[in-house]
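As structure tokens, the structure follows; a few thoughts come after it.
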Amino acid sequence: MLKDITVIGVPMDLGQMRRGVDMGPSAIRYAGIVERLENLDYRVEDFGDIEIARPEKQSIENEGNLKNLNGVIDASEKLSETVSDVITNKKFPLVLGGDHSIAIGTLAGVSKHYENLGVIWYDAHGDLNTADTSPSGNIHGMPLAVSIGIGHEKLTRISDYTPKIKPENIVIIGARSLDEGERELIKEKGIKVYTMHEVDRLGMTKVMEETIEYLSHTDGVHLSLDLDGLDPHDAPGVGTPVLGGISYRESHLAMEMLAEAEIITSAEFVEVNPILDEKNKTATVAVALMGSLFGEKLL
Ligand SMILES: NC(=[NH2+])NCCC[C@H](N)C(=O)O
Ligand SMILES: [Mn+2]
Ligand SMILES: [Mn+2]
């Protein structure tokens, strides 16, 4: 892994309707992310936050079934450029959300730099909806579809190219809530998914061994970790919690195995909502997982 990390905050809340997720980056910084990584001998630079339009200032514009479309597009373009610059400067981009719609911008910035980018989508959800299939109109339920080139043109063409990633380079881990259209897309595109059934049945060790093997032909791997992939008992501060999730321990194991395999080239941790949290527990869990991802060990 690169020895230089740039932390980028994205106080995005336009991709869903619950207030508070814009404070995610602050909560993660408060939980000590910079110090944690510095203690592992990384040089860490905090870029600060990407500016997000506040709905109070600009009228909430819905286009079809896409809430706050223009605000999400603006932020995605800015984030894409910032992430791309970080990679050009040979630094590891570590993006802190914010709701999961930010993955549209992150992947737009990352994928330019790889021929064959792999993506690990650690999440209770597939985030594979489009305006037509989404039950909510919330764009945080759409970023993975957008990144394979499916959805509104203004979203799929962020940074002027599409698609960002190939369906066969994606592994979803922790899924337990999929909408009908998402199931169809998964089947149609043959996307690799480890639902909670497989996590239980195989155990996290096997799931990660297989994931690492499955992505071995890629030239970079982006980790997009939605804190709601974890069980709400361990990560209560999320906007769309789903019971029966991945445990804190399994998640540490997953991060440790990724660290050992040395395959992760960019990462984002999303959906931390301090208003819904218990004493910053979810941000603290996020920071602990980032510690493991970057090689923290007990002995
Ligand atoms: N990133 C997330 N937490 N996504 C939740 C999506 C929930 C639901 N599938 C929707 O489209 O609205
Ligand atoms: Mn989710
Ligand atoms: Mn998600």
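Order of appearance sets the numbers: ligands from 1, and atoms from 1 within every ligand. Computed from a predicted model, the values in this text were never measured in an experiment. What's counted below: heavy atoms across the whole structure, side chains too, no hydrogens, waters or symmetry copies.
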Below 4.0 angstrom, N of the basic side chain to O of the carboxylate: do [X] and [Y] qualify?
{"X": "Arg183", "Y": "Glu180", "answer": "yes"}
{"X": "Arg29", "Y": "Asp46", "answer": "yes"}
{"X": "Lys154", "Y": "Glu63", "answer": "yes"}

Can you sort out the partners of [X] under side chain to side chain contact (heavy atoms under 4.5 Å, CB included), two or more places apart, ordered by chain and number?
{"X": "Asp277", "value": "Pro236, Asn280, Lys281, Thr282"}
{"X": "Glu35", "value": "none"}
{"X": "Glu296", "value": "Arg36, Leu40"}

Aromatic ring proximity, centroids under 6.0 angstrom, Phe294 and Phe92: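 Here the rings of Phe294 and Phe92 have centres that are less than 6.0 Å from each other.
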Within-2.8 Å protein N/O/S contacts of the Mn ion (ligand 2): Asp123 OD1, His125 ND1, Asp226 OD2, Asp228 OD1, Asp228 OD2
Give the atoms of ligand 1, by number and element, whose distance to some non-hydrogen atom of [X] is under 4.0 Å.
{"X": "His100", "answer": "1 (N)"}
{"X": "Asp228", "answer": "3 (N)"}
{"X": "Asn129", "answer": "9 (N), 10 (C), 11 (O)"}

Record the part of [X] in heavy-atom contact with ligand 1 below 4.0 Å; permitted values are side chain, backbone, both and neither.
{"X": "Asp127", "result": "side chain"}
{"X": "Glu271", "result": "side chain"}
{"X": "His140", "result": "both"}
{"X": "Asp226", "result": "side chain"}

Any N or O of Asp123 closer than 3.5 Å to N or O of ligand 1: no
For atom 8 (C) of ligand 1, closest protein heavy-atom neighbour: Asp179 OD2, 3.6 Å
Protein heavy atom at shortest distance from atom 7 (C) of ligand 1: His125 CD2, 3.9 Å
For atom 12 (O) of ligand 1, the option (of Gly141, Gly15, Pro143, Ser136) bearing the nearest heavy atom: Ser136
Check: His125/Asp228 side-chain N/O donor and acceptor closer than 3.5 Å: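 Checked: His125/Asp228 side chains pair up, N/O donor to acceptor below 3.5 Å.
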Pair Ser247-Asp231, side-chain donor/acceptor within less than 3.5 Å: no
Trace of the ring pair (Phe, Tyr, Trp, His ring centres under 6.0 Å) decision for His100 with Trp121: CA-CA 11 Å; His100 216 162; Trp121 200 266; 4.2 Å; yes
Residues, nucleotides or ligands: over 12 heavy atoms within 6.0 Å of Tyr161 OH: yes
